[in-house]
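Let me begin by presenting the structure, written as C-alpha cells, before commenting on it.
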Amino acid sequence: MTELSTRFNFREIDDKWCVRWEMENLFHAQTDSGKEPYTIVIPPPNVTGILHMGHALNNTLQDIIIRYKRMKGFETLWMPGTDHAGIATQNVVEKQLAKEGKRRQDLSREDFLKRLWDWKKEYGDTIIRQLKKLGSSCDWPRTRFTMDDQYCNAVKEVFVRLYEKGLIYRGEYIINWCPRCHTALSDEEAEHHEIQGSLYYIRYPFKDNPDKGLTVATTRPETMLGDTAVAVNKKDKRYKDLIGKTLILPLMGREIAVISDELVDPAFGTGAVKVTPAHDPNDFEMGKRHNLEFINILHPDAVLNDQAGDFEGMDRFEAREAVLEALREGKFLEKTEPHTHAVGHCYRCHTVVEPYLSRQWFVKMKPLAKPAIEAVKKGKIAFYPKRWTKVYMNWMESIRDWCISRQIWWGHRIPVWYCERQSCKPIVSLTTPSNCPQCGSTNLKQDEDVLDTWFSSWLWPFATLGWPDKSKDLKYFYPTASLFTAPEIIFFWVARMIMAGLEFMGQIPFSDVYLHGTVRDTKGRKMSKSLGNAIDPLEIIEEYGADALRFSLIINSGQDLFISKEKFEIGRNFANKIWNASRLIMMNASAVDPSFDLSAIKNIKNINLPSQWIVSRFFSTLKKVSLAIEQYRYSEAENSIYEFFWGDFCDWYLEIVKDQWDDPAIQNIAFKVLELSLKMIHPFMPFVTEEIWSQINEGKGSICHQPWPPVHKNLIDNAAEARMQTVIELVTSLRNLRSQWNIKPQEKIQCFFCSRSKEDLELLKSHETILMNLAHMNGLTIDKKAVERKNTATVIVRMIKGAVPLGHLINIKEEKSRILGQIGQQKKASVGLAARLKNKDFLKKAPKEVVDKEKARLESINTKIKELKKVVSCLS
RNA sequence: GGGCGGUUAGCUCAGCUGGUUAGAGUAUCUGACUUACAUUCAGAGGGUCGGAGGUUCGAAUCCUCCACCGCCCACCA
C-alpha cells in the first residue's frame, strides 16, 4: 500500500476521478440493460455565463439522487445540456459589441449570430466543465443544447402542430415591451416592482366650456398625448350626465369624448380615467369596445414619435417631465400626489417595460392548461414541498395567452413565411416553402422574429430524447422521474413542461418536482455578481474541494441557504475525517478477509459490545439515510451520516478498538463498516469515497456502480445500543469529572463502581479496559454494594455509581456544592414529575404507556437523588 | 389588495402524527502535540422556542389574533 497523506488531497483527487469517470463513460445510460429506468433532465443552465452557487446546489441535489438510484440498480440517465437563453445571451453579446463601439445593427444578422455561436461555444463548454468538476454524473455524450439541429426540428414541429390545431395565432395586442432589449416579453418576463411614483391630476377642458373640465388621474402623464377618450362609470352620479360630452385634450388640442365603461372604479382617483388604447391594456380593451382610435406615440426605443406633437424625439421619461411642465404652464395640472404602485421591469435588463401595441404571435393556453391542472389534481405530479402545488394551481387556473414572438436574432426563427401579396395567408411550415400555395408567388419572406426561449425549453424532457422521432431513448427514458429547480421558474418552465408533455407526448414529463431554495449571503441578500456578494463555486472547489462544497451546501440548511465562506469548512473537515479514518483502518488491515460479511458477526464468539453496537448503528443510519433520500430530505440524510461516521464510528468505535487491531474480527468489522459507509456517503461525497474505495477494493470497479447496501434489520440491535449507551455515558461522566477537577490527562484516576443490577455489574466487568482507556484510569473496582468512602468525587449513570477517590486533588467543599447542584437539578425534575403523577386527570386521560414511563422516570430520579445525598453525607 | 413561508442558543439549522430536564454543528471559554486526523481530541457555558390568548391531563409542536422579516401574485388608471 502506498503511503497516504495525512490530509485529504482533494485538488489532485477530484481531477483524477473527473477524468477517469468520463474516460470510462461510467454514466452512460443504455436502453437495453433490462433495468428499470430512472431519468432526470438537468435544468439547462443559460449559456450567458458561468455557473453560480445556485447551480452548484441544484446540481448537487440531482447528483445525489441519481448516484443513489444508480447504486440502487436503476438504469439512470441524467441528461445534461444548456439553454440558448435568447434575450439574456443576446444582451451579453451586445454588451461585448458595445465595448468595440458597435451595435448589433452594424453587423449583418448572420455575422451577429456567428458571434453568438462563438459565445455559446465558449460558455457552454465552460459550464459543462464546471458541472463535471462538481462531480455531476451526467451522461455527457448525450449533452444537448436548445438550438441543436434536432432540437430546432422539435421546436418547429411544435409550432406547426399548435398552429394547425388553432392554438397559435397572430394578432395586434398590448404586450410588455422592453425598450432596451427592443422586444416583446411575455407577462411572466415582466417583473413587477413597487415604485414610489406620483399620481398626477390633469384637467381636460370641455369643448363648450373651456374654463371647466373633467379631471383625470394618471401615473404616466406622457401617455396623455395618445389619449382618445376619457372614461367614467355610468353608475357614478357625478359624471353620469357628462357621458357623450366632448373634451379638448390639452397640449394636443384633439377632441375626445367622454365614454362610459364598467372597468372604471369610481373610488379611485377622480373616478374619471384617461383612455390611451395604444399604451395600456385596460384602455386597449376599452378602445376595442368603443371603437376608439389607437394612437401609438412611441418608437420601439421609447422615444416619442411624430404622433407626440412638440414632444417628438424625447425619451419617455424626459417627455414625462416636459409634458408636466407644459400642463403646469397651461394650468391643466391640478395636483400631484405621492403614489406607490407596481411597475413592470424587464427580467433580463431591468428596464421599465412599456405596455405597447404591436403584432405578435400567441399561444392559446387555456386548452393546454386543463389537462395539466388535472394531472396535478390527481396526484400524478407532486410538488416538494407540497405548498408549491397551490402556487402552480393558482397560476394555471387564471392562465393567460402566451406571447411567444421576440424581436431579437438569437433563437428559433419563427417558421412562418409571408407572401408578397398581403392578402395571402401566412405559410406555416416545417421546411422553407418555395412558393405561395395560394398565389404561387416565389417571393416569400420568413418572419423576422424568433421564439421565446421558453418555447423551446418547455420541450426539454422529450426533445432531448429525440422527439418528434419515436426514438428508443424516448420510449425507454420518458417520462422522467424527478425535476429539481427553483420556485421562481414554476411558471416559466415547470408548468409549461407539464403542458407540453401532456400535449405532445400524452404523458406527464415527470412525477416529482422538488423546489429548492435560493442561495443568499449571510445578510439574506440574493447572491449576484452586481452586488459583489457572490461566492464562486469554483473558488470553493479550489479551496475546499468539490465534496466539501456539495456536503456543506446542504447540511444544516433551511429553505433558503445563507452562505458564507466559512460554511464550507464543515464539509472539508468531514472529508478529511473520512480520509483519516480510512487511513487508520487501512494501516491495520493485515488480516482482513475481503469476503467477510457483517451478518457473520452473529457467529463470532465473544463478539464485543462496541462491534455489535457499531454494526447496529450503521444499519439504523443506513435505513434513515435511504428513507431521507427518497423523501428529498437531504439535510437530514447528511446529518445522520455525519453523526454516525464522526460521532459513533470515529469518536467511539475506532477509539475503543485502537488497541485491539490484532483481533482479525475487529479488523474485519472496522473494514466492513468503513466500506459500507463509503457506499452510503458516496452520493453525497463522490470523490473522497471513490478514492478510498479504489484503494481498498482494487479491481472491483468504480464505487459508482456498487450496489446500495441492503438494510440488515436483524443486525439492528436496540439492546446492544442501549448497553453501549451506558458505557458511553459512564466515560463521558468520568471525563466530565476530570475536567471539573482539572485533572491532567497523564494523571490516572481510580474508580469504585457499584450497582444493584446484575447486568450492570456484568457490563462493567466486560468493559473494564474500555473504561480505563477512555477515562484514563489505572484502577477499577466493581462491587455489588457500595463501600462508602470519604472524600471521593462521584458519577452516577442510571443504577451505576462510581466513586473516584480524589482526596488530594479536590476541594471537598466544592465537590459538595457540585453534587448539591446536581441534586437540585434532579429535584426540579422530580417535583414536576411528581405533580404530574398526582394529577388525577393525567392518570385518567393520558395513555397508560405515558403514565408508566413517567412513573419509571420518577423512580429513577428519586433513586439518583438518594444516591447523591449519600455522597454528600460522605463529604465532610 | 390577495396568497405563501419564516421567527427555537451569538450564527446556521433539527425538533415529522402534541408526551423526559428543547437538540446538533459552528462561534465563545477551558484543557490537551493521546503516533488516523490540530481540517484533531476532551470538557463547559449559552435558549421563559417572536408576543398575547385559547384547546388539552400535557403545547416549541394544534387553533385564533398581533408583530416583525422574506417571497410570490394582482389591469385601481
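Here the structure is a predicted model, which means the values were calculated and not measured. Below, chains carry the letters A, B, ... as their sequence lines are ordered, and counting in each starts from 1.
Nucleic acid contact class of A/Trp646 (heavy atoms, under 4.0 Å, all strands): sugar-phosphate only. Across all strands shown, A/Gly269 has no heavy atoms under 4.0 Å from either base or sugar-phosphate atoms. Using a 4.0 Å heavy-atom distance criterion, A/Arg7 is classed as a base contact. Counting non-hydrogen atoms under 4.0 angstrom, A/Asn736 reaches the backbone sugars and phosphates but no base. Counting any heavy atom pair closer than 4.0 Å across all strands shown, A/Asn839 reaches sugar-phosphate atoms only and no base atom. Among the heavy atoms of the strands, none lies under 4.0 Å from A/Pro355. Residue contacts for A/Gln740: at a heavy-atom cut-off of 4.0 Å it reaches no nucleic acid atom on any strand shown. Using a 4.0 Å heavy-atom cutoff across all strands shown, A/Thr732 reaches sugar-phosphate atoms only and no base atom.
At least one side-chain nitrogen or oxygen of A/Lys390 sits closer than 4.0 Å to the OP1 or OP2 atom of B/C4. In this model, the phosphate group of B/C76 is not approached by any side-chain N or O of A/Asn282 to a distance below 4.0 Å at OP1 or OP2. Side-chain N/O atoms of A/Lys577 include none lying less than 4.0 angstrom from OP1 or OP2 on B/U40. Proximity of A/Arg735 to the phosphate of B/A44: no side-chain N or O atom is located under 4.0 Å from OP1 or OP2. A close approach under 4.0 Å does not occur between any side-chain nitrogen or oxygen of A/His339 and OP1 or OP2 of B/C76. Residue A/Arg857 places at least one side-chain N or O closer than 4.0 Å to OP1 or OP2 of B/U21. Distances shorter than 4.0 Å separate none of the side-chain N or O atoms of A/Asn394 from OP1 or OP2 on B/C72. The side chain of A/Trp652 contributes no N or O atom lying less than 4.0 Å from OP1 or OP2 of B/A42. For A/Arg572 and B/U40, the shortest distance from a side-chain N or O to OP1 or OP2 is not below 4.0 Å.
Here B/U21 is the nucleotide among B/C37, B/U21, B/C57 with the atom lying nearest to any side-chain atom of A/Ala829. Of the candidate nucleotides B/U12, B/A77, B/A74, B/A77 has the atom nearest to the side chain of A/Val264. Checking B/A32, B/G19, B/A24 against every side-chain atom of A/Lys744, the shortest atom distance belongs to B/A32. Side-chain proximity of A/Arg387 to B/U21, B/A42, B/C4: nearest is B/C4. For A/Arg836, the listed nucleotide lying nearest its side chain is B/U21; candidates were B/C72, B/U21, B/G5. The A/Tyr642 side chain lies nearest to B/U26 when the options are B/G19, B/G43, B/U26.
When A/Tyr173, A/Phe294, A/Trp177, A/Phe284 are each tested for a ring-ring contact (aromatic ring centres under 6.0 Å, His included) with A/Tyr356, only one passes: A/Trp177.
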Query raised in the report: So what does the secondary structure string of RNA chain B come out as, 5' to 3', with Watson-Crick or wobble pairs under 3.5 angstrom, [ ] for crossing and | for pairs with another strand?
Result: (((((((..((((.....[...)))).(((((.......))))).....(((((..]....))))))))))))....

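Residues A/Asp187 and A/Asn176 bring a donor and an acceptor atom of their side chains to less than 3.5 Å of each other.
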Please set out all donor-acceptor pairs under 3.5 angstrom arising from side-chain atoms of residues 823-835 of chain A, sequence neighbours excluded.
none

